[in-house]
2 protein chains.
Amino acid sequence: MALADADEGRFSYEGLDRTIHEKARLGVLTSLVGHPKGLPFPDLKRLCNLTDGNLSRHLAVLQEAGLVSLQKGHAHNRPQTLCRLTPAGRARFLEYLAVLERVVRDAAEAAGPAPDLKTA
Amino acid sequence: MALADADEGRFSYEGLDRTIHEKARLGVLTSLVGHPKGLPFPDLKRLCNLTDGNLSRHLAVLQEAGLVSLQKGHAHNRPQTLCRLTPAGRARFLEYLAVLERVVRDAAEAAGPAPDLKTA
DNA sequence: CGACCTACTTTGCGATGCAAAGCAGACCGT
DNA sequence: ACGGTCTGCTTTGCATCGCAAAGTAGGTCG
């Protein structure tokens, strides 16, 4: 079997949006998808183990891409930025996840056919 | 519940090795993990929808990282580079996959508990 | 009222992905 | 036998991007 036409681009994974497909941003989005009410900057920072500068930069990128909304306000006499996933952001993240799931399944099945499924 | 200590770094995903966590390389590795005997350059190129230059560069990176081995020879009077996953490469790819799986599961369960499981 | 703390933003640089151009050998027509 | 074209791969150049270090603003505490 010498590489069928149908296999062209079989593993190109075009759906892996660069904006999302990034260690730090992936963590941020995963954090946010579980918190519909949003998360404050410092919490996000701790959850993702990011430095201030780093998180700031990534949030800016995500905001420009329309994936998250940043609501800058004050709470307890301190500046507080509340980060949430936008509806579009949620949608795009879920699409991305679907692709990621395909990657995992592709790889798992290629690595060892029926690995956890007691092969019998 | 104001962010327990245990949640520190919960979503940092340190295991997402930059060398592997890359659209193109991810495709290459997934292709290779299913072909223990290796794949020739042109096949890989088509499978991953990559340009020559691109694939060349990524393979060089993967080789330097010790994840793949490149066997340059000739077949049918043509140069032919055969690419395979090294044992170490396979191991590291599988580790990476485990983390990726955690990402998917984390996100899926955060996004909507039991999404495809007809919720009851 | 001055030293430190939290909450961010900005700057600078090194690394990297990507595409266009380059190179070498094989095949093909005449 | 030789000019052109094709395949197979490498190199170069640039524009982007992640990351860390430094910077800013305002609040709190001694």
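What you see is a predicted model; the values in this text were computed from it and never measured. Within every chain, numbering begins at 1; the chains are lettered A, B, ... in the order of the sequence lines, protein sequences first and strands thereafter.
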Subject >> Of A:Pro79 and A:Thr19, the one whose closest DNA chain D nucleotide lies more 5' >> reply: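 Result of the comparison: A:Thr19.
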**OP:** Consider only side-chain N and O atoms of A:Asp17 and A:His21, and report whether a donor and an acceptor are under 3.5 Å apart.
**Re:** no
Subject >> hydrophobic_cluster_shared for B:Leu55 and B:Leu70, side chain cutoff 4.5 Å >> reply: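 Linked within one cluster.
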Original post:
Is it true that A:Val99 and B:Leu26 fall in one hydrophobic cluster, defined by side-chain heavy atoms closer than 4.5 Å?
Top reply: yes
For the pair made of [atom1] in [X] and [atom2] in [N], what is the distance, rounded to whole Å?
X	N	atom1	atom2	value
B:Arg25	C:dA15	CZ	P	15 Å
B:Asn49	C:dC18	CG	C1'	14 Å
B:Leu50	C:dC18	CG	P	8 Å

Subject >> Partner set under salt bridge (charged side-chain N to carboxylate O under 4.0 Å, His left out) for A:Glu22, not counting sequence neighbours >> reply: B:Arg18
Original post:
Under a 4.0 Å N-O cut-off, is there an ion pair linking A:Asp7 with B:Arg46?
Top reply: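 Answer for the salt bridge query: no.
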Original post:
For A:Arg18 and A:Gln80, take the nucleotide of DNA chain C holding the closest heavy atom to each; which residue's nucleotide lies nearer the 5' end?
Top reply: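 Looking at DNA chain C, the more 5' nearest nucleotide goes with A:Gln80.
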Original post:
Touch check for A:Lys72, heavy atoms < 4.0 angstrom, all strands: base, sugar-phosphate only, or nothing?
Top reply: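 Sugar-phosphate, backbone atoms only, no base.
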Original post:
Out of curiosity, A:Arg102 CZ to A:Phe11 CZ, how far, rounded to the nearest 0.5 Å?
Top reply: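 Between atom CZ of A:Arg102 and atom CZ of A:Phe11 there are 8.0 Å.
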**OP:** Quick one: pull up CG in B:Leu39 and NZ in B:Lys45 and give me the separation to the nearest 0.5 Å.
**Re:** 14.5 Å
**OP:** Enumerate the residues from residues 51-68 of chain A whose closest heavy atom to DNA chain D is under 4.0 Å, giving them by residue number; use none for an empty result.
**Re:** A:Gly53, A:Asn54, A:Arg57, A:His58
**OP:** Considering non-hydrogen atoms only, spot the tightest contact between A:Thr86 and A:Gly66 and give its length.
**Re:** OG1-O, 2.8 Å
**OP:** Anything under 4.0 Å to a heavy atom of chain A counts; send over the first and last such nucleotide of DNA chain D, read 5' to 3'.
**Re:** D:dG18 to D:dT28
